[in-house]
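Reviewing the structure listed below.
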Amino acid sequence: MPSRIEDYALIGDMQTAALIDRDGSIDWMCLPRFDSAAVFARLLGNENHGFWRLGPTHPDHRPAPAATRRRYRPDTLILESEWDTPTGRVRVTDLMPPRDGAPQTIRIVEGLEGAVTMRSTLRMRFGYGLVVPWVEAAAEGRLRSVAGPDSLWLDTTAQTYGEEQTTYADFTVRAGERMTFALSWQPSHQGPPPVPDADEALESTEKFWVQWSSHCTYQGPHREAVLRSLITLKALTYAPTGGIVAAPTTSLPEEIGGSRNWDYRYTWLRDAAITLSTLLRTGYRDEARSWCAWLLRAVAGDPENLQIMYGIAGERSLGETELDWLPGYEGSTPVRVGNGAAHQLQLDVYGELAMALHAAREAGLGASETAAHLQIKLCAYLETVWNRPDEGIWEIRGPRRHFVHSKVMAWAAVDRTILLVESGGATVEPGVLERWRTLRETIHDQVCTSGYDAVRNTFTQSYGSMQLDASLLLIPQTGFLPADDPRVVGTIEAVQRELSTSDGFLLRYPTAGAAVGVDGLEGDEGAFLACSFWLVDALLLLGRTNEAHTLLEKLLALRNDLGLLAEEWDPRAQRQVGNFPQAFSHVALVDSTAEASARAAAGTNG
């Protein structure tokens with residue numbers, strides 16, 4: 001059975017990633033890309049679905065317990081796990097070198113004290129655990145595993161043998177000794193990949209990450225948490241295109257045993273747009289430029305064909321299917337690949353895109369006629385659809401509604417496009433600008449009339465609804481209303497009062513348990529971590545500084561021992577839930593921490 005979600009570590013090469021348990025087992029890895037089929041899928045099933053454990057063993061070859069300690073090498077994505085055993089001490093270093101050819105996973109065993117008996121258990125299963133490969137010795141020290149279009153090559157200085165469709169290596173490592181393992185993926189029709197040099201890979205990988213981390217401009221409190229989040233975001237970036245996946249996993253549940261299990265190995269326009277401003281404020285302009293370039297390629301074409309998410313190279317077809325041979329994480333089914341929400345109408349995306357492009361221009365990334373033209377076309381199309389109900393920011397699978405957040409973001413899209421034209425960044429035909437100014441006012445008036453509950457002094461989740469939604473916390477950040485507007489203050493207080501869990505974190509919106517809720521789904525979910533960080537930002541805007549800092553500290557304490565966060569927090573089980581690690585959570589962490597630091601430095605309270 002897989003471990004708790006927060007027990008995993010992340011390594012990656014900015015094209016794919018692997019999750020490694022505390023006991024040294026790689027339980028999830030997709031090759032050659034984030035969205036490829038997994039070759040290790042134990043995370044969503046059991047050992048029969050593929051894993052690679054490397055660690056100390058008992059005399060009868062039972063795996064030893066979890067590592068005594070583990071850490072990332074400073075400012076890198078290189079994982080070091082150490083075991084203290086009755087006979088000695090050993091370290092395993094795991095890394096995936098930034099790719100220059102075949103994707104590689106390098107594992108280096110070092111004896112630190114005494115002598116430790118070790119075992120490598122490599123069970124390769126292509127196709128998300130469904131396909132058993134043919135394994136053969138290809139050359140001295142090389143094993144080749146083949147199934148269909150895929151091949152994996154194992155290079156090691158250890159002696160290997162096969163039993164029960166599994167490759168083993170048993171050895172003893174003494175103080176000062178090293179044993180190396182390298183697993184490389186290659187299309188099966190091609191010749192063998194080069195034999196990796198583990199020491200050279202370690203050196204070059206450490207140099208890459210240390211150099212990248214040195215560009216971080218944030219120097220305030222909790223810098224380690226901020227930098228670890230930025231490294232995680234970099235690891236979730238698909239280097240060839242600049243697209244950022246929401247998470248490297250699929251179907252880790254929002255409720256243990258439930259059905260709210262989704263594939264997050266794609267690029268959401270919303271998440272990527274929000275990430276842009278985070279990268280800019282922390283010194284990563286090259287990544288911001290890459291994202292802008294990815295956006296323009298992905299969205300090319302008519303705006304009415306805009307999707308809310310794309311594949312990491314800009315693919316549009318993300319059909320959703322279920323893998324019925326996988327029992328799911330702790331029995332949480334179905335296991336889904338693909339995402340059927342790709343073609344939903346989510347009006348807020350237009351606002352996030354317009355705000356991101358505005359931020360890029362403000363940061364001096366350079367004016368782009370293509371970007372300006374795209375924004376004009378998007379606004380012209382939004383003019384025809386803004387008044388429709390939609391699925392909203394949370395991608396409901398029930399009936400469409402007039403979500404307040406969607407309308408506010410539609411207002412933001414029109415507002416930023418007006419600013420673009422007024423600044424001379426784009427031109428429109430006579431009369432268009434005045435029409436858009438009228439549209440901006442019309443949307444504003446409608447939201448304030450139809451989306452506001454005057455009795456409770458709060459905006460609501462949707463027109464005519466009594467329910468609240470954490471996305472309402474973003475209203476002042478868009479410029480729709482100032483933070484000190486009584487309606488904004490009332491909304492922040494109502495959201496905090498009605499959507500807080502017992503430990504003070506925020507739900508996205510109310511769910512209905514066994515009944516079907518507003519989102520068209522049964523079951524519940526945990527507190528959404530990004531929303532809880534939004535509450536920190538809102539409290540800072542209200543001048544409730546001490547309360548904001550207390551909540552921020554509580555949120556930072558939810559990170560695992562390596563500084564990683566999933567999508568949600570289960571307040572009853574006191575554990576992380578949802579896909580992991582989650583880009584949205586780490587973006588919100590960086591933004592809230594930086595905002596709290598900036599306000600403290602400026603001596604502002606609201």
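Checked against Phe459 for a side chain to side chain contact (heavy atoms under 4.5 Å, CB included), the options Asp469, Leu481, Ile492 give a single hit: Leu481. Each of Asp27, Asp21, Asp94, Asp23 was evaluated against Arg53; a single residue qualifies, Asp23, per the salt bridge (Lys or Arg N to Asp or Glu O under 4.0 Å) test. Across Asp271, Asn339, Leu269, a single residue satisfies side chain to side chain contact (heavy atoms under 4.5 Å, CB included) together with Met309, and that is Asn339. A ring-ring contact (aromatic ring centres under 6.0 Å, His included) with Trp394 holds for exactly one of Phe528, Trp268, Trp262; it is Phe528.
Annotation: side chain of Cys30 is in contact with side chain of Arg265 (closest heavy-atom distance under 4.5 Å). Using a 4.5 Å heavy-atom cutoff, the side chains of Glu391 and Ile308 are not in contact. Contact check for Gln15 versus Arg33: no side-chain heavy atoms found under the 4.5 Å cut-off. In this structure, Phe403 and Ile393 have side chains that are not in contact, with every pair of non-hydrogen atoms separated by 4.5 Å or more.
The stretch residues 233-243 participates, sequence neighbours left out, in these side-chain hydrogen bond (donor to acceptor under 3.5 Å, both in side chains) pairs: Lys234-Glu287.
Under a 4.0 Å N-O distance rule, the pair Arg260/Glu567 does not qualify as a salt bridge. Taking a cutoff of 4.0 Å between a charged side-chain nitrogen and a carboxylate oxygen, Arg70 and Glu80 do not qualify as a salt bridge.
A search for side chain to side chain donor-acceptor pair (under 3.5 Å) contacts involving Asp150 returns Trp185, not counting sequence neighbours. For Trp212, the ring pair (Phe, Tyr, Trp, His ring centres under 6.0 Å) partners two or more places apart in sequence, or in a different chain, are Tyr284. Remark: Arg336 pairs with Glu320 by the salt bridge (Lys or Arg N to Asp or Glu O under 4.0 Å) rule, at least two apart or across chains. Contacts of Thr501 classified as side chain to side chain donor-acceptor pair (under 3.5 Å), with partners at least two apart in sequence or in another chain: Asp503. Taking the side chain to side chain donor-acceptor pair (under 3.5 Å) definition, one finds that Ser592 meets it with Asp537, sequence neighbours left out.
Between Phe40 and Trp52, the two ring planes are tilted [angle within 30° to 60°].
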